[in-house]
Each structure stands twice: as structure tokens, then as C-alpha cells.
Amino acid sequence: MKKVLSAVCATALLLASACSSDKKTDNSNFSAEEIALGDSLTISFGHMQAAQSAMQFNRYKMMMTEDQIKNFDKNQFIKGLELILSTDTANIAFLNGVQQGLQMYGIFMDKNLGVPVDAKQLIKAFADVYNTDSISQEQAMTFSADFDAILTKVRANAEAKAEAAARETPEAKENIAKGEKYISDRIAEGFQKTKSGVAYKINNPGEGRKVTEDDVVKMTYVGKHLNGDIFDQTVGDAPTQSAVASLVPGFREGLCLLAKGGSATIVIPADLAYGAKERGPIKPMETLVFEITVNDIVEKEAPADVAPATPGK
């Protein structure tokens, strides 16, 4: 893909030189046949790039808001294109700067990060490092690690704000109320409740040690909405194998109530399931019901290079 993009960019630079609107191209060194071929190449390249850009825009539209779509002016797009293709392509440094700027805008500036981003400050930070005599690999890795750490915090902040906003929607509030009532009704029927809020009824505790969060288990389950409709389940009687630690908190807690062969019905409040995030059939702040069976606990094998202990020693 990179080679294809490089080839297209190289062709674009050649055509930009030929298509400059600031000065007329000197065709005196070319035959009429070559000029005609150049015109054909220019028009064909323009058509191809326009088709790809139009298709790309149609894909982007699915991720754009109504205001973004409304404010996207194709005439401004053409003006931006003209600015670059009319630039003296001998100034490679300028074109490289434009390309870098577009990349940075595309991957960073044009995002809803939930924090302010000052373009002038960004440019100054870039120039401070770029204009130094040399940058070592170690320095570059340090800058990258610093950015990753800060970006992680920014994303966590944005997710927290989005989660808080989603909880305030009428649908989420209604689902919270339904979940609280459902759990209250189950408790009245004899279900028990963990300190975190998972309601459960153990049908069979199983035999041996209980599952821990460090385990890998083989299990079967059926996931239901509060109205009894199934949204997920294992296929037939075939168990699925999962690391307990990879599951949502409420499911983990339910599994840890059981030993091998154990089964239970657990009711997981939204805060211990998927919260305000909508996951396919699971709606924001939805309380979920699972019928789970622990078919087996996968015991960890001793490393191959470690000799088994000798009994009595």
C-alpha cells in the first residue's frame, strides 16, 4: 500500500509541475503526439483521483455528523487541491510540510479529543524538535512513550465524559430503573446479592475449588434481556473457553461463585456489565441475566523445562 501511495504522490508531483496555473508549460521540446499523450495522462489522472476521493468521501460521510456533512463544501476542496497543484514543485520542503500537516490533521487535529488543542502550540512544539541538529532513536522513543501516556489519559477522560453523558439519556435512565426493579424482585424470590450488586441463585455449587480470576474455564451460558429474550449463547452443548479475567466484572464475579460442574443464574447490573456503551443488542445501562455452567477449569501446565518435584522432597 505504501508503495502504491508513493507512486501516486510521485505522479501527482510530476503532474503538478505540468498543471501549474501560475505559468504556462513550455511545450516547445515536445512533439504534438507527446503533448496529446501528456494531456490524456493529465485528464485520466484527474478522473481517477476524483473518483477515489468521491468514494472516500462517501465512506467518511457515514462517520460524519449532519453539521459536518452540511458544511463540507466541494468548492473549498477544489481550492485546496488547486493550492497544492499550482505550487512550484521545486520547493520539495514546502510540499513535504504540507503532506506532514495533512497527516497530523487527519490523525490528531480532526478528532473529538475532549480537550483543547492549540494549533500554534502544536506547530511550535514540532519546530522546536525538528530544527535541532539531530534526534537520536532513544529521544524519539521517549517522545513517543510520553505521547502514548498522555493520549491514554485523554482517551480515558473522553470515555468518562461520554459515559456520563450517555447515562443521562432517557433510555439509559429507564433501563437503570428497570434493572433495579428486576433485581429487587429477584431478591424477594430468594436470590442472594454480592457486595458489588450482582444478584445470583446457585443451582449447583459444583465440586472442588472455586473458580478464580486467574483461571481459564470451559463454560456454557445463555445471555438474556430482562424480558427473557436471548441475545447471546454458546452453541448447543459445546462449551466455550475463556480467561476469567477477560470477562466483564459481573460475569467474573458470578463464575467465581462456582466450582467445576457448578451452575447459577446471575443478574448483572449495568455498572458491572457494559455500562452506558451500546454493544449490538445490549442497550445503554441495561441489566443482563445469564445462566452459566462451569464445565471445567483448565489447569495450568508446568513449564516444559522444569522437572516435576520428587514426592517427599
request  = Start with the C-alpha distance between M219 and T240, add both sets of side-chain angles, then the distance that settles side chain to side chain contact (heavy atoms under 4.5 Å, CB included), and finish with yes or no.
outcome  = CA-CA 5 Å; M219 62 179 174; T240 184; 4.0 Å; yes

Side chain to side chain contact (heavy atoms under 4.5 Å, CB included) between T212 and V244, worked out = CA-CA 7 Å; T212 71; V244 177; over 6 Å; no

inquiry  = With salt bridge (Lys or Arg N to Asp or Glu O under 4.0 Å) as the criterion, how do E159 and R155 come out once you've worked through the C-alpha distance, each side chain's angles and the decisive distance to 0.1 Å?
reply    = CA-CA 6 Å; E159 288 179 3; R155 285 173 173 167; over 6 Å; no

inquiry  = Apply side chain to side chain contact (heavy atoms under 4.5 Å, CB included) to residues E291 and K224 and explain how you reach the verdict.
reply    = CA-CA 8 Å; E291 296 171 2; K224 298 179 181 180; 3.0 Å; yes

message = Test side chain to side chain contact (heavy atoms under 4.5 Å, CB included) on K79 and L83; report intermediate values, then the result.
response = CA-CA 6 Å; K79 284 186 178 180; L83 171 66; over 6 Å; no

query = Given F290 and Y200, is the ring pair (Phe, Tyr, Trp, His ring centres under 6.0 Å) satisfied, shown in steps?
reply = CA-CA 9 Å; F290 284 93; Y200 66 94; over 10 Å; no

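Using a 4.0 Å cut-off between a side-chain N of Lys or Arg and a carboxylate O of Asp or Glu, R186 and E189 qualify as a salt bridge. Between E207 and K260 there is no salt bridge, since no side-chain nitrogen of the basic residue lies less than 4.0 Å from a carboxylate oxygen of the acidic one. Between D215 and R209 a salt bridge is recorded (basic side-chain N to carboxylate O distance below 4.0 Å).
Using a 4.5 Å heavy-atom threshold, the side chains of P269 and I183 count as touching. Two residues are said to be in side-chain contact when any heavy atoms from C-beta on lie closer than 4.5 Å; H225 and F231 meet this criterion. Counting heavy atoms from C-beta on, the side chains of K120 and K124 never come closer than 4.5 Å.
The nearest pair of heavy atoms linking V198 to G250 is CG2-CA, 3.9 Å. Nearest heavy atom pair, residue A166 against residue T169, reads O-OG1, 2.9 Å. Taking every heavy atom of both residues into account, T132 and V129 meet most closely at OG1-O, 2.6 Å. Residues L288 and A273 share a closest heavy-atom pair of CD1-CB, 4.0 Å. In terms of heavy-atom proximity, V211 sits nearest to L255 at CB-O, 3.4 Å. Between A276 and P284 the shortest heavy-atom distance is O-CB, 3.5 Å.
Between the CG atom of N175 and the NZ atom of K173 there is a distance of 13.0 Å, given to the nearest 0.5 Å. Taking OG of S184 as the reference point, atom NZ of K193 lies at 8.0 Å (rounded to 0.5 Å). Summarising the geometry, atom CG belonging to N203 is positioned 8.0 Å from atom OG1 belonging to T293; distances are rounded to the nearest 0.5 Å. The distance from the CD atom of Q139 to the CE atom of M141 is 12.5 Å, given to the nearest 0.5 Å. In this structure, the separation between CD1 on I268 and CZ on F251 is 6.5 Å, given to the nearest 0.5 Å. Taking NZ from K181 and OG1 from T287, the interatomic distance works out to 12.5 Å, rounded to the nearest 0.5 Å.
Clustering ILVMFWY residues whenever any of their side-chain heavy atoms sit less than 4.5 angstrom apart, transitively, puts Y130 in the very cluster that holds M104. The cluster map of Ile, Leu, Val, Met, Phe, Trp and Tyr, joined by side-chain heavy atoms under 4.5 Å apart, puts V267 and V222 in different clusters. Both L102 and L95 belong to a common hydrophobic cluster when Ile, Leu, Val, Met, Phe, Trp and Tyr are linked at side-chain heavy-atom distances under 4.5 angstrom. By the criterion of side-chain heavy atoms lying less than 4.5 angstrom apart, applied directly or through intervening Ile, Leu, Val, Met, Phe, Trp or Tyr residues, Y221 is not grouped with F191; the two fall into different hydrophobic clusters. Linking Ile, Leu, Val, Met, Phe, Trp and Tyr residues whenever their side-chain heavy atoms come within less than 4.5 Å places L257 and L272 in a single cluster.
Centroid-to-centroid, the aromatic rings of F57 and F72 come within less than 6.0 Å.
In this structure a side-chain-to-backbone donor-acceptor pair under 3.5 Å is present from T142 to E138.
Residues meeting the side chain to side chain donor-acceptor pair (under 3.5 Å) test with D271, sequence neighbours left out: R167.
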